[in-house]
Amino acid sequence: MGRFVLRRLAQSAVIVFLVATLTFVLLRMAPGDPVRAQFRDVTVSQEVIDEYRRSWGLDRSMPVQYVQYLGNLIRGDFGQSFSLHRPAWDVIREALPNTVVLALAALGISFATGMVLGTAQGANPNSRMDHTLTVITLAVFSIPIFWLGLMFMLVFGQWMGWFPIGGEVSPVYRGLPLVGQLADRFRHLVLPALTLGLGGAAVVARFHRAAMAEAFAENFIRTARAKGLSEQTVVLKHALRNALLPAITMFGLSLPVLFSGSVLVEYVFAWHGMGLAAFEAVGRRDYNVVTAITMIGATLVVAGNMVADLLYRLADPRTAES
Amino acid sequence: MLDLAPLTIPFPGGHMRTTKAAACLTLAWTIVITACASDRPCASPCGTIIVNITGAPETVLPVFAVSSNAQAITGLLFLPLAEIGNDLNYLGDGGFEPRIARSWTFEDSVTIVFALDRRATWEDGEPVTARDVVFTYELYRHPAVNSDEREDISDIVAVEAREEHIVAFSFSHPYQQQFYDATYHMRIHPAHLLDTIPREALRTHDLTRAPVGSGPYRLGRWDVNSTVELLANPDFFLGAPGVARIVVQVVPDLNTTVSQLIAEETDFADFLGSPSNVQRVRETKEVAVIDFPSLAYVFVGFNLRDPSSPNRPHPLFANRDVRRAIGLAVDLAAIAEAVLGDSSAVPSGPVSRGNALWDYEVERTPFDVGRATQLLESQGWTETDSQGYRVRNGQRLSFTLLVPSSSGMRRQAAIIMESQLHAAGIEMLIEELEFNAWYERSQRGRFDATLGNWGQKPNPANAIGGAWGTGGPDNWGSYSNAAFDSMLAAASRATNPAQARTNWLAALRLLQRDPPAVWVFAPSQAAGVHGRLQNVFVRSDDWGATMWRWQIASDQMLPRDRVGVP
């Protein structure tokens, strides 16, 4: 196990390095000038533009910039944000917790809902409930995430008034007592987490249904039933456990999807996380913030996949032997 | 005050449980927030204004403020010597109100002397003095600070402290905008705190994140990505502000902002976006829509150089009559109406509705396909091909228009223009690009025509010179007309308003005869304001300029108005 972890750590370091290099190259190849992007629709003198370029080091050659960039990264320095005049890390430090909260909540909704639905469908294949849930999950999966978010906002925010429409907390959050602050955070989390999580739940349900149906066709299920075990025990203890492997694989795959999906959800719900920060930074050609977000995102995704691999080995020791 | 409508919404069967649960949640929230609201009687300053902006402010120190949001926020923290009037007059000192300066005198044609208000103090209690004004001028001029206002104050040659509260501004030559230049571009910074910081380190220094100002508000909190909280300065020397707290929150999507306005989650947004968004807000009785003239105008800029070989003239647009014909073949009033409804008009030149030049009577380019046809035929575009486009020597009269995909209004305008030009036998192909890609192509002159948008300051001279003057940094189409340049310079250097007006009129009329662009539309802007706010006026150049005078009647407070207010 130790060698496995070390090997995966080494692979992860290579992946993160490649991501860092690709981000550097692609950002600078993309059309758009980071200095001009700070002055949208406003005329400024060339003198001002040149001074910005010099102070941000953009007047140096690409190889020089690259060496400096790698050196800074190794020291954990992401540089200054061009558009916000402060260390890029400050932007991340504020945004990261918001994204983690949203991603975890969405992950919880995806897997809890998806596995309950998938289990129910897999345990009752070709029943009316199975067909109905198939239609519903396919429909939810087909809905564009931003549209779903707008509809939630309109119905449950604007019309019903049940949940706030935007932001991760109320503007007057700091004036609330602890209980009020917790309630406020929860109320703000519901709609974005549902928007981000429901699409994933549909996918998990589809995969888990198939895995459960496959497990139910195995001999050990027939044996368990022949032993007179209750159906609940058969489903939860035997079928579900054996159908978990695809779900663990999906867990690893879900992280990048959640990070990319969060860009739209964070934009629509004004959720100030990494996705929204990335969206703003790309629009402003804020190289250092984009790089920092990409690096943090890549690290989290690599770490998530590593956790999934470890869980996989724990759930099915045969994979470790092979 | 919270909407309890969910309690009365009838849902059949099992949904009722969910409805009740959610309604209970809403009710519980109402109780929490009401319980947290201060129950002390409300004296001025009182209440909270929540403001939505689309992009995070880059700074809270005025010298580094570039975006309109940063300028508005820093304007509530720091004061200028005098504040421009609501009519945005920039000639002489008409309409300007005293701020740090209590009074001023025009000593001679190149010197203005300001007497500072002795009551003005910094947040830390130190008095505001002439030293601060001199320091501020040096700060804005310093190359390492690199303020984008540097060019605008280049005609100020010296600022001298004559006494502790007397300061004199000297100008390089007599001109009408001296007072505007001395007061509009610079907000006074505290020398006693900032002077010791190396200029090149100032932009990222800790003090820039905890600024000490002299304005009606103080910085309460600044979460860089999301929120700026401003708290009223009750000791403000010009009188306590009307509202105790302003919370500025970043909400990038205008649809979300509109929904928040309707749901009373926010109080103010200076821009609502599309006409349909504006209509949604107009239909809400709790929210008022305030229309005000925008300082932006939209244009189709022609490239006068060949994009594939900039040393050569453009094969189509080097010809003045072809450019004029395109302007005549487009029904600009119809485009403005279709894209922005009543809130838009056709400009007479590179002029926005919020600008004083807007009122100058310069005739607009008429919609006259017959005249356009004459002009094109006079240039040899006499035949048409099977698709109805004009051809000359086997070449179709065709060009490509670059459009930024981020602007729905410009995309819509381009589509209408395409069909109108087709009717006149002109093929216009549309190329949509991501904003930065569009900007780079336009700025590098790699286009036939580009659909642009420029914002202006109250004095448009620098913006017009930069975009349309010979060698201007944003003169993307390489337009060059010596007569126009000299009229522009004469207008800027005029020593009386009548002379300035004459020169501006001549310059704008010249651009009608030798157009570097088609001036497509100049929009009005619509702001959404919660109905309980009083004394509201939105100035075109700065949404925060008058906010310190806004008020909330104590009987119209929402529970959130008083949560956490000291």
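Below, chains carry the letters A, B, ... as their sequence lines are ordered, and counting in each starts from 1. This is a predicted model, so every value here is computed, not measured.
Within the model, atoms CZ of A:F269 and CG of B:D253 stand 10.5 Å from one another, a figure rounded to the nearest 0.5 Å. Separating the CD atom in B:E264 from the CD1 atom in A:I165 is a distance of 10.5 Å, to the nearest 0.5 Å. Residue B:N255 holds its CG atom at 6.5 Å from CG of A:L150, rounded to the nearest 0.5 Å. Annotation: the span from A:W271 atom CH2 to B:S226 atom OG amounts to 11.5 Å, rounded to 0.5 Å. Between the CG atom of B:N225 and the OG atom of A:S81 there is a distance of 9.0 Å, given to the nearest 0.5 Å.
In this structure, B:V247 and A:V172 have side chains that are not in contact, with every pair of non-hydrogen atoms separated by 4.5 Å or more. Taking the side chain as every heavy atom from C-beta outward, A:P164 and B:E265 approach each other to under 4.5 Å. Contact check for B:P252 versus A:E280: side-chain heavy atoms found under the 4.5 Å cut-off.
Between B:E434 and A:R285 there is a salt bridge, with a side-chain nitrogen of the basic residue lying less than 4.0 Å from a carboxylate oxygen of the acidic one.
When the heavy atoms of residues 83-91 of chain A are compared with those of chain B, the residues falling under 4.5 Å are A:S83, A:L84, A:H85, A:R86, A:P87, A:D90, A:V91, listed by number.
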Given the rule in the side chain to side chain contact (heavy atoms under 4.5 Å, CB included) test, do A:Y52 and B:N146 qualify, once you have shown the distances and angles that lead to the verdict? CA-CA 7 Å; A:Y52 269 106; B:N146 203 30; 3.1 Å; yes
Test side chain to side chain contact (heavy atoms under 4.5 Å, CB included) applied to B:R280 and A:Q158, step by step: CA-CA 12 Å; B:R280 277 177 68 199; A:Q158 189 181 318; 2.9 Å; yes
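Counting heavy-atom pairs under 4.5 Å between each of A:Q80, A:E266, A:E51 and chain B puts A:E51 at the top.
Residues passing the side-chain hydrogen bond (donor to acceptor under 3.5 Å, both in side chains) test with A:Y173 are A:R185, sequence neighbours excluded. Residues passing the side-chain hydrogen bond (donor to acceptor under 3.5 Å, both in side chains) test with B:D561 are B:R532, sequence neighbours excluded. With sequence neighbours excluded, the residues forming a side-chain hydrogen bond (donor to acceptor under 3.5 Å, both in side chains) with A:Q46 are A:R36, A:D50, listed by chain and number.
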